[in-house]
Amino acid sequence: MNASASLPLAPIPAGIARIFVVAMLAAFLLGATGGYVLRGWSSAASTTTTTDTTTRPSVTVPIPYISPVPSPTHPPALDPAGYPIPI
């Protein structure tokens, strides 16, 4: 039995498929361009230019390093003789 016989759908015309692919590519291109434009606007708005030489340079305070807490481990399952059971 053929699988296509169970679904009586007409095949999608090649022109419609091409239009769909072109529309998707255009949407991705416009989205990427919009992201770059938005990034450019936001960085331009947050950047201040000053010629005042009396201001102090900004200092970045390092974040203190804290070692990660080890996750709790459960004791291995033991058989009646006391040997660990491989999982």
Side-chain angles (χ1 to χ4, degrees):
M1 179 170 196
N2 194 354
S4 63
S6 63
L7 297 173
L9 298 176
I12 299 173
I16 299 295
R18 283 190 199 109
I19 290 172
F20 178 76
V21 170
V22 168
M24 291 301 294
L25 289 174
F28 286 134
L29 184 63
L30 286 174
T33 304
Y36 278 115
V37 168
L38 184 65
R39 190 170 112 190
W41 279 342
S42 65
S43 67
S46 66
T47 304
T48 58
T49 57
T50 179
T51 56
D52 188 11
T53 57
T54 60
T55 59
R56 292 188 218 168
S58 62
V59 177
T60 304
V61 178
I63 299 172
Y65 177 76
I66 300 172
S67 60
V69 178
S71 61
T73 58
H74 301 287
L78 301 176
D79 64 2
Y83 295 105
I85 301 173
I87 297 177

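- If you chain together ILVMFWY residues whose side-chain heavy atoms come under 4.5 Å of each other, Phe20 ends up grouped with Met24, Phe28.
- Clustering of Ile, Leu, Val, Met, Phe, Trp and Tyr side chains at separations under 4.5 Å places Leu25 together with Val21.
- In this view, Tyr36 and Arg39 satisfy the side-chain contact (heavy atoms from CB on, under 4.5 Å) rule, not counting sequence neighbours.
- Under the side-chain contact (heavy atoms from CB on, under 4.5 Å) criterion, Ile16 pairs with Ile12, Pro13, sequence neighbours left out.
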Enumerate donor-acceptor pairs with a distance under 3.5 Å from any side-chain N or O in residues 70-77 to protein atoms, sequence neighbours excluded.
none

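- Leu29 belongs to no hydrophobic cluster, as no Ile, Leu, Val, Met, Phe, Trp or Tyr side chain comes under 4.5 Å of its own.
- Partners of Ala23 according to the side-chain contact (heavy atoms from CB on, under 4.5 Å) rule, which considers only residues two or more places apart in sequence or in another chain, do not exist here.
- The hydrophobic cluster analysis finds Ile85 isolated: no Ile, Leu, Val, Met, Phe, Trp or Tyr side chain comes under 4.5 Å of it, directly or through other members.
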